[in-house]
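What follows is a set of notes on a single structure, which appears directly below.
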Amino acid sequence: MSLDASNQPDFAIPTGVFAETVTSIEHYTDRLFKFRITRPASFRFRSGEFVMIGLPNAEKPIFRAYSIASPSWDEELEFYSIKVPDGPLTQHLQKIQPGDTVLMRKKPTGTLVNDALLPGRRLWMFSTGTGIAPFASVMRDPETYEKFDDIIVTHTCREVAELKYGQDLVQALKADPLVGEMAHALRYYGSVTRQDHDHTGRITDLMRSGKLFDDLGVPPITPEIDRGMICGSKAMLADTKAVLEGFGLQEGANNKPATFVVERAFVD
Ligand code: A2P
């Protein structure tokens, strides 16, 4: 990594940490933004994993878990973040500019990976807010399309503007060099809870009422066919997990694959 004189980190880079350069930033709303950083040549990860991110602005930087939103083959690393006005990390992170330095711990981890699921026919990815980030990675990984016939991504946000990041991703999939034609297997279902929209309501309520399945024209979830991944706030994870268990699915992990997996990588 090279830094010019105007962009020297204020403190020494801690050991076990990569110091990478911001390449682009896009602000979606006053609560959400995406940023991309250079990828260290030696850094490997599985689509869906998360990593700890910080800034070189203190001797002991604050790190938070961020899902890697780019697929494992991407030359850069993409992250999708909330902005919290007095959030220990995000109050500073939301101000980064191209050329700035972002710190990243070297070891990725996480359970939202294909390996933690038993083989199945249909994959559901349930997300709220920035919880769509790991699925941005999984939906751009050709392996996902090799393993499942049908892929459904649900994204629920408070407002319509917060759906844009996911909608743009899905829109771009058909032109993706590695996914291309396979993208027809993926369906996207966006809903909002605090504005009028085609689809309104929490994903948990939409599943309990059956509206989600009716809207998509698919049968309800069964353990024989369906596999699930869940990413959102703590409360959303717990409630969605309970709904999937109600359909007979069981939580799995890397060392014990089962029929659904839950992530806890979110920033608050
Ligand atoms: P709601 O507007 O009813 O709170 P947040 O930005 O707070 O993380 O919320 C993102 C989305 O997740 C919102 O649409 C929110 O709905 C929804 N949500 C919040 N808590 C839960 C939960 N326990 N189960 C399902 N969805 C939830």
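Starting from 1, each residue takes its place in the sequence as its number. One-based numbering, in listed order, for ligands and for the atoms of each.
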Only one of D198, D215, T156 clears side chain to side chain donor-acceptor pair (under 3.5 Å) with Y189; which?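 Going through D198, D215, T156 one by one, the side chain to side chain donor-acceptor pair (under 3.5 Å) with Y189 is satisfied by D215 alone.
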Looking at E162 and R194, is there a salt bridge between them, counting it only when a charged N and a carboxylate O are closer than 4.0 Å?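 The answer is no: the pair does not qualify as a salt bridge.
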Are D214 and K211 close enough for a salt bridge, meaning some N to O gap below 4.0 Å?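 No, D214 and K211 are not salt-bridged.
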Check each protein residue for a heavy atom under 4.0 Å from ligand 1 and list those that pass, ordered by chain and number.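 Protein residues near ligand 1 are R31, T128, T156, C157, R158, T193, R194, R202, T204, A235, M236, D239.
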Just do the side chain to side chain contact (heavy atoms under 4.5 Å, CB included) check on F63 and I53 with the steps written out, would you? CA-CA 5 Å; F63 283 88; I53 290 283; 5.6 Å; no
Let me confirm one number: the CG-CZ distance from L249 to R227, rounded to the nearest 0.5 Å.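 Rounded to the nearest 0.5 Å, the CG-CZ separation comes out at 6.5 Å.
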Walk me through it: do R39 and F18 pass the test side chain to side chain contact (heavy atoms under 4.5 Å, CB included)? CA-CA 9 Å; R39 177 175 179 167; F18 292 116; over 6 Å; no
